[in-house]
Amino acid sequence: MKYFSNILMNLPEFTKNLLSWNQFSNSRQMPWKGETDPYKIWLSEIILQQTRVEQGLAYYEKFISRFPKVQDLAMAQDAEVFKYWEGLGYYSRCRNLLATARWVAFENKGHFPPDYEGLLKLKGVGPYTAAAIASFAFGEPRAVLDGNVFRVLSRYFGINTPIDSLTGKKLYAQLAQALLPTDQPGAYNQAIMDFGAVVCKPQAPLCSACVQQTDCEAYRLGVVGDLPVKEKSIKKRTRYFYYFLLKWNNQYYVRQRGGGDIWQDLHEWVLIEQAEPLATDPSIYRNLLKKYLGTAKLKQLRVGEEVRQQLSHQTIIGRFITAELTIPLSTETGYQLLSPDALSKLAFPRFITAFSPRL
DNA sequence: AAGCCGGGGAT
DNA sequence: ATCCCAGGCTT
């Protein structure tokens with residue numbers, strides 16, 4: 001490979017310059033920085049998976065305040081923890097968070113596994129998170145490989161191997177590990193991620209003020225904006241969700257969503273999904289609900305405006321329809337009646353918290 | 001190896 | 001609209 005000699009030549013230089021930048025120019029401050037409590041490291045890392053620091057920060061503070069130790073999280077009810085996670089997305093993280101907290105607290109005497117291999121066995125903990133906890137909490141020399149690291153290394157060394165290919169992942173993992181100074185793995189891992197977030201950013205990187213500029217292969221070739229290379233592009237699909245906010249006896253029908261789809265474990269109103277968009281005509285919605293209603297009638301039916309939410313892989317378009325029932329629905333519908341007070345303790349997807357009419 | 005899983009900010 | 005974010009799990 002053409003960049004092989006370049007890597008060998010610049011390997012010590014890269015690490016030296018990065019640590020120097022970290023010491024003198026890195027002002028990035030975060031509450032978990034310098035933390036060595038594996039519980040807090042773990043919690044922050046799970047929250048930050050595919051999530052911006054600015055977005056995860058408030059959630060971290062809320063969780064630490066309510067669940068200061070892993071035992072507090074382990075003993076909490078699922079519903080309360082999901083309520084704390086509400087709005088953060090990727091809800092399987094929350095389910096795995098609970099499973100791991102309970103395993104650590106109840107099956108492992110409150111201790112997190114003290115090394116990379118042990119951490120990797122935890123639910124929701126993959127190669128990145130295991131390396132982060134191992135290096136930050138236990139000083140183990142494991143290089144983290146996240147979006148920042150991919151970007152920094154691909155640009156500095158001019159690597160155009162796709163980061164989402166198997167060979168790319170292997171290559172970057174080896175390179176990252178080779179660059180890691182074994183005497184301060186935590187500080188280095190923190191530094192390279194800070195550097196990627198603050199200087200070597202995805203868009204508009206601060207090359208003119210970059211301490212690595214003279215050694216950066218992508219800068220020399222003028223291809224900073226083209227790296228890193230990704231080969232897979234996501235294709236989106238559009239779905240039409242019609243939510244019925246059905247009221248009876250001052251209570252509302254709700255259910256918990258199952259697996260195999262978005263928003264797993266979160267709650268929702270009576271949902272009828274359509275393949276095509278629907279107009280506002282109220283008769284359309286009365287007909288849609290017929291299979292659930294039996295002899296019940298709808299009063300005060302109101303059809304809301306069309307709303308939409310963009311997810312990573314899906315576009316959700318829909319409406320909220322409110323109505324009162326003359327008699328309750330059959331229990332076989334799978335929906336249960338809950339009071340507004342009970343509903344306020346449940347977690348709902350953003351699509352509902354953002355667009356659903358007030359109770 | 002490929003597909004799926006959220007929500008938000010920047011461009 | 002598109003990209004990307006301190007990725008991981010399932011098939």
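Every chain is numbered from 1 and lettered A, B, ... according to where its sequence line falls, protein lines coming before strand lines.
Using a 4.0 Å cut-off, some side-chain N or O of A/Gln314 falls inside it from OP1 or OP2 of B/dC5.
Aromatic ring orientation, A/Phe63 versus A/Phe67: tilted (interplanar angle from 30° to 60°). The aromatic rings of A/Phe112 and A/Tyr39 lie tilted to each other, with the angle between the two planes from 30° to 60°.
With the nearest nucleotide of DNA chain B identified for both A/Trp263 and A/Leu166, A/Leu166 has the one nearer the 5' end. Map A/Leu311 and A/Ala204 each onto its nearest nucleotide of DNA chain B; the residue landing nearer the 5' end is A/Leu311.
By the neighbour-count criterion of 12 heavy atoms within 6.0 Å, atom NZ of A/Lys123 is sparsely surrounded, having that number or fewer from other residues, nucleotides or ligands. The local environment of CZ in A/Arg66 is crowded, with over 12 non-hydrogen atoms from other residues, nucleotides or ligands closer than 6.0 Å.
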Under-3.5 Å N/O pairs linking protein and nucleotides 2-6 of chain C:
| residue | atom | partner | partner atom | Å |
| --- | --- | --- | --- | --- |
| C/dC4 | O2 | A/Arg52 | NH2 | 3.1 |
| C/dC5 | OP1 | A/Arg151 | NH1 | 2.5 |
| C/dA6 | OP2 | A/Asn148 | OD1 | 3.2 |
| C/dA6 | OP2 | A/Asn148 | ND2 | 3.3 |
| C/dA6 | O5' | A/Asn148 | ND2 | 3.3 |
| C/dA6 | O4' | A/Asp146 | OD2 | 2.9 |
| C/dA6 | N9 | A/Tyr128 | OH | 3.1 |
| C/dA6 | N7 | A/Glu45 | OE1 | 3.4 |
| C/dA6 | N7 | A/Glu45 | OE2 | 3.3 |
| C/dA6 | N6 | A/Trp32 | NE1 | 2.6 |
| C/dA6 | N6 | A/Gln190 | NE2 | 3.3 |
| C/dA6 | N1 | A/Gln190 | NE2 | 3.3 |

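Among the atoms of the strands shown, only primed sugar atoms or phosphate atoms (P, OP1, OP2) are found under 4.0 Å from some heavy atom of A/Gly87. Nucleic acid contact class of A/Asn189 (heavy atoms, under 4.0 Å, all strands): none. Nucleic acid contact class of A/Ile46 (heavy atoms, under 4.0 Å, all strands): none. Residue-level contact check: A/Ser165 touches neither bases nor backbone, having no heavy atom under 4.0 Å from any strand. Using a 4.0 Å heavy-atom cutoff across all strands shown, A/Val149 reaches no nucleic acid atom at all.
The cationic atom of A/Arg319 (NZ for Lys, CZ for Arg) does not lie both less than 6.0 Å from the six-membered ring centre of A/Tyr242 and within 45° of the ring axis.
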